[in-house]
Protein chains: 2
Amino acid sequence: MARAATTSDAFNAIAEPRRRQILLFLADREYSVNEIVDGLRVDQPSVSKHLRVLRDTGLVRMRCSGRQKLYRTNAESIRPLHEWASEFERYWTHQLLRVKDRAEKKAASRAASSDSSSPKKEE
Amino acid sequence: MARAATTSDAFNAIAEPRRRQILLFLADREYSVNEIVDGLRVDQPSVSKHLRVLRDTGLVRMRCSGRQKLYRTNAESIRPLHEWASEFERYWTHQLLRVKDRAEKKAASRAASSDSSSPKKEE
DNA sequence: GAATCATATGCCCATATCGGCATATGTCAA
DNA sequence: TTGACATATGCCGATATGGGCATATGATTC
């Protein structure tokens, strides 16, 4: 088994820089494929393929309008990503606080004396 | 050129489910490699390789302790991911509000009369 | 219907990836 | 030093991927 299929989940879908770019581009409103092509200066088949992946993972939605197809980001399907990030946020905050804490302690001890606070071998 | 190297950015790193699992596992405190192996029931070389990627992208940090190496998530390097997600959050919120809005309007109009609100052809 | 515009798909190639396995490196204990 | 423990790395094969190009499908206008 090689890498998991891109089509299967949103995390894999946003692993590709160009797709993140497209997502950002589509963030504010609807765009046709050609507008994306012109806006990002990527060739059309490539854009279509990326849009396909984004659509399969549900990250964007498509609407037909004459011969054009209008794409936009899909809020609901993007939520799992957001929630995953949020799940970490708690820990991150803790860690950041700890980092801040440590920095303050260090500064304090540096101010009090010039004792070397036994730096741990961190890689 | 195929896909961008996993090593290059955090998005690619978290594209792999096993790595997300490891990140979650490491979220609360430090763990040795073997603890991860036992905890997630993945074989050791695989864990080591994933840890390597996570370390290269800066998502985790490593500290030596005797013959063990202790890993933990690295708050700062995870922040770009969080910020990227947050950048969307604004739009998502808007979209979600719109969705909610629409739903409410729909419910209201359904309550008032049984008029079909010209549903657009959505894929 | 024919020509044209808008988008999607198929094919090929070079490459990165993961898992599995064996093995190398590094560290501590006797 | 030797041996056990802890972790990292190298190699292999199967496979998914993205880009480039040509081309197919679909819709509109003439």
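Naming convention: chains lettered A, B, ... in sequence-line order (proteins, then strands); numbering from 1 in each chain. Quick caveat: nothing in here was measured; it's all calculated off a predicted structure.
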Between atom CZ in Arg63(B) and atom C1' in dA6(D), what is the gap in whole Å? 15 Å
Return the value, rounded to whole Å, for the distance between atom CZ of Arg20(A) and atom C1' of dG18(D). 15 Å
So, is Asn34(A) close to the dT7(C) phosphate, meaning a side-chain N or O under 4.0 Å from OP1 or OP2? yes
Residue list, salt bridge (Lys or Arg N to Asp or Glu O under 4.0 Å) with Arg20(B), at least two apart or on another chain: Asp9(A)
What's the CD-P distance between Glu35(A) and dA6(C), to the nearest Å? 11 Å
Please list, in numerical order, the residues of residues 40-51 of chain A that have a heavy atom closer than 4.0 Å to any atom of DNA chain C. Gln44(A), Pro45(A), Ser48(A), Lys49(A)
Can you tell me the distance, in whole Å, between the CD1 atom of Ile36(B) and the C1' atom of dT7(D)? 11 Å
With respect to the phosphate group of dA4(D), does any side-chain polar atom (N or O) of Arg67(B) fall under 4.0 Å of OP1 or OP2? no
For Leu40(B), give me all partners under side-chain contact (heavy atoms from CB on, under 4.5 Å), at least two apart in sequence or on another chain. Gln21(B), Ile22(B), Phe25(B), Ile36(B), Val42(B)
Of the non-hydrogen atoms in Leu70(B) and Ser65(B), which two are nearest, and what is the gap between them? CD1-CB, 3.8 Å
Rounded to the nearest Å, what distance is computed from the CG atom of residue Leu70(A) to the C1' atom of nucleotide dA8(C)? 16 Å
May I have the distance from Gln68(B) (atom CD) to dA8(D) (atom C1'), rounded to whole angstrom? 15 Å
Going by the rule side chain to side chain donor-acceptor pair (under 3.5 Å), which residues pair with Gln44(A) if we only count those two or more places apart in sequence or in a different chain? Ser48(A)
Would you mind reading off the distance between Lys69(B) atom NZ and dT9(D) atom P, rounded to a whole angstrom? 8 Å
Once you round it to whole Å, what is the distance between P of dA8(C) and CG of Leu54(A)? 12 Å
Taking salt bridge (charged side-chain N to carboxylate O under 4.0 Å, His left out) as the cut-off, I'd like each qualifying pair that reaches into residues 32-47 of chain A, sequence neighbours left out, listed once. none
State, without any angle test, whether His50(A) and Arg19(A) hold a side-chain donor-acceptor pair at a distance under 3.5 Å. yes
dA6(D) OP1/OP2 closer than 4.0 Å to side-chain N/O of Tyr31(B): no
Is Arg52(B) close enough to dT7(D) that one of its side-chain N or O atoms is under 4.0 Å from OP1 or OP2 there? no
Residues in salt bridge (Lys or Arg N to Asp or Glu O under 4.0 Å) contact with Arg52(B), at least two apart in sequence or another chain: Asp56(B)
